Amino acid sequence: MYRPLANIWKFNFNSLKRCYQSSKALPDLTKDRYAVKRGDYATIDDNDIKHFESIVSSSRCITDTSDIEPYNVDFLGAVRGYSQVLLKPKTTEEVSAILKYCNSRKLAVASQGGNTGLVGGSVPVFDEVILSMQLMNKIEHVDETAGILVCQSGCILEKLEEHVSNCGLSMPIDLGAKGTCHIGGNVSTNAGGLRLIRYGNLHGNVLGVEAVKADGTILDLMSNFKKDNTGYHLKHLFIGSEGTLGVITKLAIACPTASKAVNVAFLGLESYDALLKTFLAAKRDLGEILSACELIDKLSLEAVLQQYKLNSPLSEYPFYLLLETSGSNMEHDEEKISHFLESAMERGDILDGTVTNETSKVARIWQLRETISTALVKEGYVFKYDVSLPLSHFYDIVPVMRERVGDLAYRVCGYGHVGDSNLHLNVSCAEFNQEIYKRVEPFVYEYTSKLRGSVSAEHGIGFLKTNYLKYSKQPEALNLMKEMKAVMDPNGILNPYKVLPRQN
Ligand SMILES: Cc1cc2nc3c(=O)[nH]c(=O)nc-3n(C[C@H](O)[C@H](O)[C@H](O)COP(=O)(O)OP(=O)(O)OC[C@H]3O[C@@H](n4cnc5c(N)ncnc54)[C@H](O)[C@@H]3O)c2cc1C
């Protein structure tokens, strides 16, 4: 039977902390671990530092090694650069002046948002200048009637959600890293997240951007309208290009009306087949109010419960499905949910479950899903894969991978946005392990490619996946990407070694 949620959580999940900082040794330098050759870029000297100080003042031109260190290492502790300078601009004009100078000197630049990216895109590979967008965090305007937010790109997603909720709106994107990631980072990675099933991706929700090209040119592509068919849709070049074509400084984003009625159900299931049937029934029975649909397997939940000392509201099942509905009428929504749950339980698809609309309990159920990523990182090193796969074969790769890595890994688990055919496959172990690496890659990408899936559903390509892009993009498409890069950034100063395949 499904029953109300007991008040059993003691854990308080605040904003994300980089796990490596508290408990782990620094990872190897990227150039050593992945044998990369430095590009033909200039090296920072005293005159460069003086020039940067003249643009952003000395307090925002940071050269102290220990202050820079957290910006040199990614969230997963998978990649580490050794930049000597960190710049924190506050205005678009400062970003423009920095890029213009770096381009003229051929100094490479790594732009960084909240540094929560999971593909090693946000940190330097060698000694690139780090351009942190942290201080570009002004909210400029909210149009309550049209439902549009205009803000600088360094605003933290969670702060934006709080801000727009005061105007009866909501952000069209939500993800576990919301307390730390920037909206500019979200747009640059075209982040998917937990609400994509309802609101679609950022290509649809971003109405306009302001971006700075590699040579310092400021492009004003701002628009406050959903409809604007005036020539090439240039804003899309910056959405999902991971800082390789320009730096986003400002954006306008469509914000849906906040839902008055939010319900969350957490369900226990015997098999992936039962989960798929339940998902289909949810789409049919819940229709327009379905706003999230997340799969969690037994081992993913186990990691969260162990690492954060939480209790599950359900006893142990091979699979769990987290469903959220967002609507405007609680009575109507509850009726729909009850009908859906009763039918699914009668058919025997759902074995147990709990449903709630109390805000604190809704948040606690979401914690179980949102902390999986950090729980796995706390266990040691994680080989993380983010693939799109057809739902008919969605989970098959998890047992296959378990078999391949055998006892070498602590845990091989799968979770993710089943509503969007997006699986997060994770292989965790004590520390980076070459043997596991060889067994997992490129196998996981070959497997995905055979099913015509995507080797990166939502995290992007960054540094870690550049050599696997070919599994999802044909040579002609790759060539066009290279040509576009050459037009936008002829000196290749923006996020080198990222997205496009490396020569070595
Ligand atoms: C716990 C957790 C949960 C996550 N859940 C999801 C999820 O559900 N869905 C999802 O898609 N991702 C998820 N991620 C990955 C990550 O949070 C997203 O990729 C996020 O969009 C990155 O934002 P950021 O500000 O941290 O960017 P960063 O990590 O700092 O940068 C990411 C990339 O964007 C570039 N960039 C950043 N800001 C700018 C800018 N202003 N202009 C140009 N380029 C820029 C960087 O150079 C880099 O290439 C999760 C990560 C964690 C740790």
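Counting starts at 1 for both ligands and their atoms, following the listed order. All values reported here derive from a predicted model rather than from experimental measurement.
Looking at Val247 next to ligand 1, no N or O pair under 3.5 Å apart turns up. Between Phe75 and ligand 1, a contact under 3.5 Å exists for no N or O pair. Close N/O approach between Ile248 and ligand 1 is found [any backbone or side-chain N/O within under 3.5 Å]. Considering both main-chain and side-chain atoms, Glu242 comes within under 3.5 Å of ligand 1 through a nitrogen or oxygen pair. Geometrically, ligand 1 and Leu194 share no nitrogen or oxygen pair separated by less than 3.5 Å. Any N or O atom pair closer than 3.5 Å counts here, and Ser373 shares no such pair with ligand 1. Ligand 1 has an N or O atom lying under 3.5 Å from an N or O atom of Asn115, backbone or side chain. For His424, no nitrogen or oxygen atom sits less than 3.5 Å from a nitrogen or oxygen atom of ligand 1, counting backbone and side chain alike. Some N or O of Gly113 is nearer than 3.5 Å to an N or O of ligand 1, by distance alone. Here's the thing with Thr374: none of its N/O atoms is less than 3.5 angstrom from an N/O atom of ligand 1.
Here the CG atom belonging to Asp215 is positioned 6.0 Å from the CG atom belonging to Asn103, to the nearest 0.5 angstrom. The distance from atom SG of Cys151 to atom CD1 of Ile156, rounded to the nearest 0.5 Å, is 12.0 Å. Here the CG-CG distance, from Asp386 to Leu423, works out to 8.5 Å after rounding to the nearest 0.5 Å. Put simply, CD1 on Ile130 and CG on Leu87 are 9.0 Å apart, with the number rounded to the nearest 0.5 Å.
Nearest approach of Ser291 to Arg198, heavy atoms of both residues: CB-NH1, 3.4 Å.
Residue contacts with ligand 1 do not include Ala110, since none of its heavy atoms lies under 4.0 Å from the ligand. At least one heavy atom of Ser111 sits less than 4.0 Å from an atom of ligand 1. At least one heavy atom of His417 sits closer than 4.0 Å to an atom of ligand 1.
Counting heavy atoms closer than 4.0 Å to ligand 1, residue Phe238 contributes nothing at all. Counting heavy atoms under 4.0 Å from ligand 1, residue Asn495 touches it through the side chain alone. Contacts between Ser153 and ligand 1, counted as non-hydrogen atom pairs separated by less than 4.0 Å, involve the side chain only. Contacts between Met133 and ligand 1 below 4.0 angstrom, taking non-hydrogen atoms only, involve the side chain exclusively. Heavy atoms of Lys498 found under 4.0 angstrom from ligand 1: none, in either backbone or side chain. Residue Thr189 touches ligand 1 through its side chain alone, judged by heavy-atom distances below 4.0 Å.
Annotation for ligand 1: atoms under 4.0 Å from non-hydrogen atoms of His459 are 10 (C), 12 (N), 13 (C). For ligand 1, the atoms closer than 4.0 angstrom to any heavy atom of Gly243 are 43 (C), 44 (N). Those atoms of ligand 1 that come under 4.0 Å of a heavy atom in Ala177, given as number and element, are 2 (C), 3 (C), 17 (O), 51 (C), 52 (C). Atoms of ligand 1 lying under 4.0 Å from at least one heavy atom of Gly246, given by number and element, are 43 (C). In summary, the atoms of ligand 1 found under 4.0 Å from a heavy atom of Cys181, numbered by their order in the structure, are 23 (O), 24 (P), 25 (O), 26 (O). Shown in contact with Ser122 at under 4.0 Å from a heavy atom are these atoms of ligand 1, numbered in order with element: 28 (P), 29 (O), 30 (O), 31 (O), 48 (C). Close approach of ligand 1 to Gly114 is summarised as follows: ligand atoms under 4.0 Å from at least one heavy atom of the residue are 24 (P), 25 (O), 26 (O), 27 (O), 30 (O). Counting atoms of ligand 1 from 1 in the listed order, those under 4.0 Å from a heavy atom of Leu175 are 5 (N), 6 (C), 7 (C), 8 (O), 12 (N), 13 (C), 14 (N), 17 (O).
The aromatic rings of His51 and Tyr101 lie parallel to each other, their planes meeting at an angle below 30°, with 60° marking the opposite boundary.
If you check each of Gly193, Pro124, Gly460 against atom 8 (O) of ligand 1, the one with the closest non-hydrogen atom is Gly193. Closest heavy-atom approach to atom 39 (C) of ligand 1 among the candidates Gly176, Ala211, Ser188, Ser132: Ser188.
The closest donor-acceptor contact from the side chain of Glu242 to the backbone of Ile461 lies under 3.5 Å. Of the possible donor and acceptor atoms, one in the side chain of Glu458 sits under 3.5 Å from a partner among the backbone N and O of Gly193. Of the possible donor and acceptor atoms, one in the side chain of Thr249 sits under 3.5 Å from a partner among the backbone N and O of Glu210. The backbone N or O of Leu118 lies less than 3.5 Å from no partner atom in the side chain of Lys384, so there is not a single donor-acceptor pair.
Look at Asp220 and Lys250 and you find no salt bridge, because none of the NZ, NE, NH1 or NH2 atoms lies under 4.0 Å from a carboxylate O. Ion pairing between Asp28 and Arg80 fails under the 4.0 Å rule for side-chain N and carboxylate O.
Here the rule is side-chain hydrogen bond (donor to acceptor under 3.5 Å, both in side chains) with Ser428, and of Glu379, Arg411, Lys378 only Glu379 fits it. Each of Phe126, Tyr34, Tyr497 was checked for a ring pair (Phe, Tyr, Trp, His ring centres under 6.0 Å) with Phe463, and the lone residue meeting it is Tyr34. In summary, of the residues considered (Tyr415, Tyr272, Phe266), a ring pair (Phe, Tyr, Trp, His ring centres under 6.0 Å) with Tyr320 occurs for Phe266 alone.
Atom NZ of Lys106 has more than 12 neighbouring heavy atoms from other residues, nucleotides or ligands inside a 6.0 Å radius.
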Audit row: Phe383, Tyr381, ring pair (Phe, Tyr, Trp, His ring centres under 6.0 Å) steps and yes/no: CA-CA 7 Å; Phe383 292 91; Tyr381 187 84; 5.0 Å; yes
